[in-house]
Amino acid sequence: MDVELQTRTRREQGSELPLLLWRFPTPVRVIASAPHGGGIGVRRWVMNAQVRPSYARRDPGHHLAKLGVSLGLAGRGVGMLTAADVRRYTTGSDGGVEVTATVGLGHPILAAAPDDGRLADLVGTVNVLVLVPERLADPALVNAVGTVTEAKAQALRDLGLDATGTATDAVCVVCPDQGNPSAFGGPRSTWGARIARAVHAAVLAGGRP
């Protein structure tokens, strides 16, 4: 997709904090698990904002909405948060799919581990943005989120971690809002396989010392 990744900074509570920003020239279709702009719908931008490790706000969606306004971002967008250094983002690509990941593995977990009563910790967050150049049908977008998650877990296994992710990971898959939609996003479909390989490469690179 024809979109430029920008690195911006803003000042919050005495700290200069960076963020990654994608602004799309035309509206795109998105599925996201992000606190701001999550779900399935048409969006104009995506933000991955770094926060301090002590971040404790319980209204991250509102925080990100205000941040979008302060940056002059028009229309609806997607906002993700992480305490990982977003300037150390890693990328993967395969057959037209482009992936950007910020990988914080301070607190990796197993998804089905017993409940230990602890709250989610933003220090360990893996945020993944996937750009697909062809429109995906809504069911394929849902399937693509599963594919991203499987590929991320495979990368963590290959890094030698007994983990499937962290407690606060976010996924955002972006595709055009126009065109004949592809019906499948699973790991052995055309676009799903490309997504999986690109995500695996980006997370694997981000998890290495």
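Within a 6.0 Å radius of CZ in Phe24, other residues, nucleotides and ligands contribute more than 12 heavy atoms. At most 12 non-hydrogen atoms from other residues, nucleotides or ligands lie less than 6.0 angstrom from CG of Asp2.
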Residues Arg57, His62; criterion side-chain contact (heavy atoms from CB on, under 4.5 Å); working and verdict: CA-CA 10 Å; Arg57 291 186 62 157; His62 179 67; 4.0 Å; yes
Chi angles and distances behind the side-chain contact (heavy atoms from CB on, under 4.5 Å) call for Gln6, Arg23: CA-CA 9 Å; Gln6 300 175 341; Arg23 302 171 88 164; 4.0 Å; yes
Candidate pair Leu105 and Val126, rule side-chain contact (heavy atoms from CB on, under 4.5 Å), full reasoning: CA-CA 7 Å; Leu105 294 173; Val126 180; 3.8 Å; yes
Criterion side chain to side chain donor-acceptor pair (under 3.5 Å) on Thr125 and Thr166, from CA distance to verdict: CA-CA 6 Å; Thr125 300; Thr166 84; 4.5 Å; no
Step-by-step side-chain contact (heavy atoms from CB on, under 4.5 Å) determination, Gln50 to Tyr55: CA-CA 10 Å; Gln50 183 176 331; Tyr55 187 86; over 6 Å; no
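Between the CD atom in Glu4 and the CG atom in Leu21 there is a gap of 9.5 Å [rounded to 0.5 Å]. Atoms CD1 and CG, on Ile109 and Leu156 in that order, are 10.5 Å from each other to the nearest 0.5 Å. Atoms CG and CZ, from Leu20 and Arg87 in turn, are 10.0 Å apart once rounded to the nearest 0.5 Å. Between atom CG of residue Leu71 and atom CG of residue Leu19 there is a gap of 5.5 Å, rounded to the nearest 0.5 Å. Distance CZ/Arg8 to OG/Ser70: 8.5 Å, rounded to 0.5 Å. Separation of atoms NZ (Lys152) and CG (Asp169) is listed at 3.5 Å; rounding is to 0.5 Å.
A heavy-atom distance below 4.5 Å is not found between the side chains of Val132 and Glu98. Using a 4.5 Å cut-off on side-chain heavy atoms (C-beta onward), Leu131 and Val173 make no contact. A heavy-atom distance below 4.5 Å is found between the side chains of Ile31 and Val145. Between Gln154 and Leu204, the closest side-chain pair of non-hydrogen atoms is not below 4.5 Å. A 4.5 Å side-chain heavy-atom check between Leu129 and Trp22 finds at least one atom pair inside the cut-off. Cys175 has its side chain within reach of Leu141: a pair of non-hydrogen atoms, C-beta onward, lies under 4.5 Å apart. Side-chain contact check for Val130 versus Val199: some heavy-atom pair is nearer than 4.5 Å. Taking 4.5 Å as the limit, some side-chain heavy atom of Glu150 sits within range of a side-chain heavy atom of Pro187.
Side chains of Thr91 and Thr100: no donor on one and acceptor on the other come within 3.5 Å. Counted by atom type alone, Asn127 and Thr82 present zero donor-acceptor pairs between their side chains at under 3.5 Å.
The two residues Ala193 and Arg188 come nearest to each other via the heavy atoms CB-NH2, 3.7 Å. Shortest non-hydrogen contact noted between Ala202 and Thr90 is O-OG1, 2.7 Å. Here the closest heavy-atom approach between residue Leu136 and residue Ala144 is recorded as CD1-CB, 4.4 Å. Between Asp94 and Ala198, the shortest heavy-atom contact is N-CB, 4.1 Å. Residues Gly79 and Leu64 come closest through the heavy atom pair O-CD1, 3.2 Å. Heavy-atom minimum distance, Gly186 versus Asn143: N-OD1, 3.2 Å.
Side chain of Arg157 to backbone of Gly160: no donor-acceptor contact under 3.5 angstrom is found. For Arg194 (side chain) and Gly95 (main-chain N/O), a donor-acceptor pair under 3.5 Å exists by modelled atom type. Using modelled atom types, no side-chain atom of Thr147 and backbone atom of Gly192 make a donor-acceptor pair closer than 3.5 Å.
With sequence neighbours excluded, the residues satisfying side chain to side chain contact (heavy atoms under 4.5 Å, CB included) with Arg43 are Val30, Arg76, Val78. Annotation: salt bridge (Lys or Arg N to Asp or Glu O under 4.0 Å) contacts of Arg208 (sequence neighbours excluded): none.
Under the 4.5 Å side-chain heavy-atom criterion for grouping Ile, Leu, Val, Met, Phe, Trp and Tyr, Val42 is not connected to Trp45 through any hydrophobic cluster. Residue Val46 is not grouped with residue Leu73 when hydrophobic side chains (ILVMFWY) are merged at heavy-atom distances under 4.5 angstrom, including chains of intermediate members. When the side chains of ILVMFWY residues are joined at heavy-atom separations under 4.5 Å, either directly or via intervening members, Met47 and Met80 end up in two distinct hydrophobic clusters. Tracing side-chain contacts under 4.5 Å through hydrophobic residues (I, L, V, M, F, W, Y), one reaches Val171 starting from Ile40; they form part of the same cluster. Cluster annotation: Tyr89 is connected to Val3 through the hydrophobic network of ILVMFWY side chains, with a link wherever side-chain heavy atoms come within less than 4.5 Å.
Under the 4.0 Å criterion applied to side-chain N and carboxylate O atoms, Glu12 and Arg10 are assigned as salt-bridge partners. Salt-bridge formation is detected for the pair Arg29/Asp138: a Lys NZ or Arg NE/NH1/NH2 atom is positioned less than 4.0 Å from an Asp or Glu carboxylate oxygen.
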